[in-house]
Amino acid sequence: MYKPQFNKRHVLVFHQFGNKGWSLFSCLGREVVCSVLSVSTLTYASADSISTHPVVTDSVGVTTAREQVLDEVSVTGSRAPLTRSQAAKMVTVLDRADIQQAPVQSINDLLKYAVGIDVRQRSPMGAQTDISIRGGTQEQIIVLLNGINICDPQTGHNTMDLPVDPSDIQRIEIIEGPAGRIYGTSSLVGAINIITNVAEGGEAKAEAGSYGYARLGFRHSFSSRPSPLSSSISASYARCDGWSRAAAGSLNSDYSGAKGFYQGAYHHEHLHINWNFGVADKGWGSSTAYATPKWRTDDQYEHTTKLMAAVYGDVKWGAAVLHPTLYWNQHRDRYEGYRGQPEKMKFNYNRTNVFGASLNSHFDWKMGRTAFGAEVRNEDLISTNLGEPLSRPRRISGTDRDYTLGLNRTNFSAFAEHNVLLRELTISAGIVMAKNTWADMNWRVYPGIDASLRLSSLWSLHASYNTSLRMPSFTEMYYRLQGYDANPHLKPEEMQAVEIGASMHSSRFTAHTTLWHHHGRNMIDWILDTRQGTGATWQSVNHTRLNSMGLEATIQLSLSNSHTLSLSYGYSHQEKDLESGLVSQYAMEYLRHKLVAKAALPLAQHLLLYATLRWQDRNGQYTDFDGNACDYKPYWLADTRLVWKKSCYEIFVEANNLLNNRYRDYGLVEQPGRWIIGGIKIAY
């Protein structure tokens, strides 16, 4: 189940201290317990349990412990690790066991069970999903793969086009609230870091179910244990007929897609290098995803291709540890307003290329632990609809059309942070400085501070104040088609956030509660004035001020290693109210209430049942085809997974939306009812 953690439970305890400045470096690649996040985690670190070189997991998911003599500390894979007792920031962690248990078909679905996350799908199976945190929008979070920013500057709708499958993942870490000091600007309301690992062995999986759903996938490792080199490759293909049809009778929510991911690593005593390459290609019926009262199409279609490559590592240099990173992301998008009918409406093509480089470091001295670094990220767009006129049109591959518009901007960031480590108190403070070439933006400074007070071995308090910035996406600035009218002069969003909380952690029982308050300036939204009737258009605007507040609480009881129960609740409230007749598409549509209950129940020696129950109540409205404003209705969702598990294989049956509720997460798109899936997974 999801667990708010300061650390990983399976830890290594060291009993001797080398008293050398480089002693800590020798623990890289091993598990380190840490939750205070320093700036050195910017480019590919994780939050609570970031592992540059993840723990090796065998083919049946059993963690292999590795021990080393060092200090009397517990360590778990951060590049600037702190002891477990010094943790200062809470992070929600979904580990490998949680991923294997969940009744889901995609990483997007996994995130539904985190109480602070809002997952809004236009189609299941990861076709297109908007992820937001604490009442924010899908544009205001940063998603990272092994610490690499893989967000698409064209639009947040493409953020979850991931080249990895759940079988590739070691864990997912979620930071709620501005994370500019950790992952840079753009992490306005939070960050999600997906950590993969080169696990030994491999697995193959096949499953099929309702609505013509079928999926095949495999993962294979080429690792060999005394060698410093290791690598693995995975691939999968999935398809589905969809659960709805257009008025003309054709399928309009179908899906098909493939993905592949290769990762490699070289580990030496003073040098660690990691590299990976991924591709995700998919097409899906978009139904009424972007329909408006002015434009009542019900048979849209979209096809996207995501490519990514990255090289990153750790280098010991004197008393410091350096973390260089190079990465490239490309996203291609073809949108069909009328599926297969370019003569009725020209297809819209977009291509973005993102290049990034960073160098971060940390070192210890008698006053504590200091980290600093810098990053440069270039974002380039060419399009048929977004941006400014190009000086020279570029041909669209495979077509007789040209890209005629585009935009290029570069973001520069610099970071500094210092950690003061006392017996019962940890203080971590720093700044991020940012400059963007778009609109000649000058350097801006965003500070932050985290603190943790340990009252006892069981109880702790934490508090934080953090700020961050986000540049508008290209879609928010330039999208002008079929009832949408963007504003190219949007201002960057800015956020200030305060958070306080308390936690209790023992071997069998965990509880935590958090209160938070966000103050946003120039928050970007799409607004529709229904008083204009069928002539109304969605317009991108800056809200001058938007305050929000909320609370989250979680309790978890572990009766045994395979028998757990948990209950989580989240509440959000925004102070801003829109004028009568105005409808918000994003900023004012947020989850006011979210309740998540989970249970893992062993029924027999090899038979386990995993069950989840969610209740969600969304604030906001959507417009029907007649232009009427409709309130979102609260709903219950129950998901289960029954699995017969042996050492080298498992057979499972999953049921999603067991109550068969027909609900809406987004506007005019009705979600599917009960969905049954069965399959087998073989490990070797």
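Shortest non-hydrogen contact noted between His518 and Pro178 is NE2-CD, 4.3 Å. Closest approach of Ala309 and Phe277 over heavy atoms only: CB-CD1, 3.9 Å.
Comment: Arg377 does not engage Glu375 in a salt bridge, judged by the lack of any side-chain N to carboxylate O separation of less than 4.0 angstrom. Between Arg444 and Glu494 there is a salt bridge, with a side-chain nitrogen of the basic residue lying less than 4.0 Å from a carboxylate oxygen of the acidic one. Using a 4.0 Å cut-off between a side-chain N of Lys or Arg and a carboxylate O of Asp or Glu, Asp624 and Arg296 do not qualify as a salt bridge. Salt-bridge annotation for Arg215 and Asp165: present, with a side-chain N of the basic residue lying under 4.0 Å from a carboxylate O of the acidic one.
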Without placing hydrogens or testing angles, list every side-chain donor-acceptor pair under 3.5 Å for residues 343-351, not counting sequence neighbours.
from	atom 1	to	atom 2	distance (Å)
Asn348	OD1	Thr384	OG1	2.7
Asn350	OD1	Ser383	OG	2.5

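By the ring pair (Phe, Tyr, Trp, His ring centres under 6.0 Å) test, Tyr211 is found to be paired with Trp675, residues two or more places apart in sequence or in another chain being considered. Residues passing the side-chain contact (heavy atoms from CB on, under 4.5 Å) test with Ala629 are Val583, Gln621, sequence neighbours excluded.
Here the rule is side-chain contact (heavy atoms from CB on, under 4.5 Å) with Thr325, and of Ile148, Asn274, Asn149 only Ile148 fits it.
For Tyr632 and Glu589, the side-chain atoms include at least one donor-acceptor pair closer than 3.5 Å.
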(message) Working note: Thr155 + Phe474, criterion side chain to side chain contact (heavy atoms under 4.5 Å, CB included); need CA distance, chi angles, decisive distance, verdict.
(response) CA-CA 7 Å; Thr155 173; Phe474 297 144; over 6 Å; no
